[in-house]
Amino acid sequence: MLDNLTENLHGRLREQLLGRERQKLYRRRLTLESAQGTRVSVSGREYLAFCSNDYLGLASHPGLIAAACEGARLYGVGAGGSHLITGHSFAHHALEEALASFTGLPQALLFSTGYMANAGVVAALTGRGDAIFADKLNHASLNDAVLISRAKFSRYPHLDLNVLERQLAASNAKSKLVITDAVFSMDGDIAPVANLAELCEKYDAWLMLDDAHGFGVLGPQGRGVMPHFGICSPRIIYMATLGKATGVFGAFVAAQAEVIETLIQHARSYIYTTAAPPLLSHALLKSLELIEREEWRREKLTQITAVLKQELQPLRWKLLPSATPIQPLIIGENDKALQLSEALRQRGILVPAIRPPTVPKGGSRLRISLSASHTVEDVARLGAALRELDNSA
Ligand SMILES: *Cc1c(COP(=O)(O)O)cnc(C)c1O
């Protein structure tokens, strides 16, 4: 039996949970019984899935599985310690060098996750008395990173560089940092990185790019958002994750040597945590090789993105204008988005409904994610199901 006071604590949580349920905001997890891919098995049923960030179809690639097994044989399973205390292995080091060379930046540093990389960078480079400027639609991990840093936080309306410029001009902070998603995770649009870099030049600010969704997908050989725009600047701090298009797990930051050395000394989410298993780095080296070599994966994405747009053209709901594999279909109300997601599921198709607070109120959507492993027929099947639902609603 819980005593009265403890019962109060739990009662309050129950109230909050019920409130979430009433607003159709309650989140539930699916349990996958298969590997990640365009076909996944949930509760014994097979689904055609448009949910994952595995844009290049590498998450269960046989070459990566073989590399992970080989990595386990070479390095064992656990890193056994943090990077600064014997957890830093040859595989981590080789991957950092490969990532620096792949991105064309002087030095790279691995983090366990993108969430941790963002927290580490922002708090290592800024503190009290400094100022951070952020796009309103940035990923939650960047917003949390700002809170940890204790710097002054200004947000500008999505992609509104006029407001950003006014904020930069008005600031007399010691150190200024502009942070932005390179590809916005819920909208799929791309930040105007060249213009942002110009502004940062003019107002002497750092520019941090979170290319979680662009790395492997954008630019020649998938080298990311900077080569996509043909820009490079020593004030850019580039972050990308390795669990999305790269198909494995982890993240890295690439920048000038002074920045990376500062992170090794000061980034708390780098220092006070166990290094990721080196076998993952071993697999990631293989993944980088495939990203670089297999252009057909990006060509395939371009092809099926065009097919999707055509298939969904007749719908009353509209796709946001996105040139990336993130294709959001805007529905509006939470329960309508949920209903559609559920109706697709009954038809054997998984597309997640994304609701506030992940997206703004009234902006609930179906977030369709495409992968190089999808076929034109897969996309046509999704199109037919949505057209049918549109007609019957
Ligand atoms: C997924 C994501 C992250 C977090 O990366 P993890 O490695 O999953 O922690 C950070 N930023 C953006 C924009 C993301 O989409």
Side-chain angles (χ1 to χ4, degrees), residues 27 29 36 51-56 58-59 92 95-96 99 103 108-123 132 134-149 155 158-159 177-191 193 196 207-218 222 224-226 228 236-254 263 267-270 273-277 280-281 283-284 287-288 320 322 324-328 352 354 357-360 365 367-371:
R27 289 141 185 249
R29 301 170 300 173
Q36 189 60 260
C51 318
S52 87
N53 303 315
D54 178 26
Y55 304 124
L56 298 179
L58 295 175
H92 296 127
L95 179 62
E96 288 179 344
L99 286 166
T103 53
L109 186 70
L110 283 174
F111 280 80
S112 291
T113 69
Y115 189 98
M116 291 165 78
N118 285 341
V121 171
V122 174
I132 298 174
D135 191 291
K136 271 234 165 89
L137 293 192
N138 275 353
H139 192 259
S141 61
L142 286 170
N143 295 336
D144 292 4
V146 174
L147 296 181
I148 298 172
S149 79
R155 300 212 290 171
H158 185 45
L159 303 182
L177 169 67
V178 174
I179 54 181
T180 183
D181 282 22
V183 173
F184 288 86
S185 56
M186 295 302 139
D187 286 35
D189 53 345
I190 305 174
V193 171
L196 283 165
L207 175 58
M208 178 173 180
L209 300 175
D210 176 339
D211 204 17
H213 299 276
F215 186 74
V217 172
L218 296 180
V225 75
M226 290 191 295
H228 172 79
I236 290 180
I237 298 157
Y238 181 79
M239 193 290 291
T241 56
L242 300 169
K244 290 174 176 158
T246 319
V248 186
F249 187 76
F252 72 96
V253 176
L263 294 180
R268 299 173 66 85
S269 60
Y270 181 75
T273 194
T274 301
L280 298 181
S281 292
L284 280 159
S287 178
L288 265 193
L320 287 180
S322 156
T324 66
I326 302 170
Q327 292 289 324
I354 307 285
T358 312
V359 293
R365 63 197 63 186
R367 182 179 183 272
I368 302 166
S369 311
L370 297 173
S371 158

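Start at 1 and go down the list; that is how both ligands and their atoms are numbered. Heavy atoms only: backbone and side chains are in, while hydrogens, waters and symmetry mates are out.
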**Item:** Val248 backbone acceptor or donor facing Thr246 side chain under 3.5 Å
**Value:** no
Nearest heavy-atom contact between Leu370 and Tyr55 is O-CD2, 3.4 Å
Criterion side-chain contact (heavy atoms from CB on, under 4.5 Å) on Arg155 and Asn143, from CA distance to verdict:
CA-CA 10 Å; Arg155 300 212 290 171; Asn143 295 336; 3.5 Å; yes
Atoms of ligand 1 under 4.0 Å from any heavy atom of His213, numbered from 1 in the order shown, are 14 (C), 15 (O)
When Val225, Asp187, Asn138 are each screened for side-chain contact (heavy atoms from CB on, under 4.5 Å) with Asp181, the one that passes is Asn138
- Query: Counting both backbone and side chain atoms, is some N or O of Ser185 under 3.5 Å from an N or O of ligand 1?
  - Reply: no
query = Does the pair Ile148 and Val122 meet the rule for a side-chain contact (heavy atoms from CB on, under 4.5 Å), with working shown?
reply = CA-CA 8 Å; Ile148 298 172; Val122 174; over 6 Å; no
Tell me whether Ser141 reaches ligand 1 (any heavy atom closer than 4.0 angstrom to a ligand atom).
yes
Between Asp189 and His158, do the side chains contain a donor N or O and an acceptor N or O under 3.5 Å apart? yes
Next on the checklist: For the residue pair Thr358 / Arg367, report whether a side-chain donor-acceptor contact shorter than 3.5 Å exists.
Outcome noted: no
At under 4.0 Å between heavy atoms, what of Thr113 touches ligand 1? The answer is both
Honestly, for Lys244 the part within reach of ligand 1 (heavy atoms, under 4.0 Å) is side chain
The atoms of ligand 1 lying under 4.0 Å from a heavy atom of Gly114, numbered in the order shown, are 4 (C), 5 (O), 6 (P), 7 (O), 9 (O)
shortest atom 5 (O) of ligand 1-to-protein heavy-atom contact is with Thr241 CG2, 3.2 Å
Ligand 1 atoms nearer than 4.0 angstrom to some heavy atom of Asp181 are 13 (C)
On a heavy-atom basis, the closest approach of Tyr238 and Thr103 is CE2-CG2, 3.9 Å
Taking only non-hydrogen atoms of Asp210 and a 4.0 Å limit, the atoms of ligand 1 in range are 10 (C), 11 (N), 12 (C), 13 (C)
Under 4.0 Å from one or more heavy atoms of Tyr115, ligand 1 contributes atoms 4 (C), 5 (O), 6 (P), 9 (O)
Atoms of ligand 1 under 4.0 Å from any heavy atom of Ala212, numbered from 1 in the order shown, are 2 (C), 11 (N), 12 (C), 13 (C), 14 (C), 15 (O)
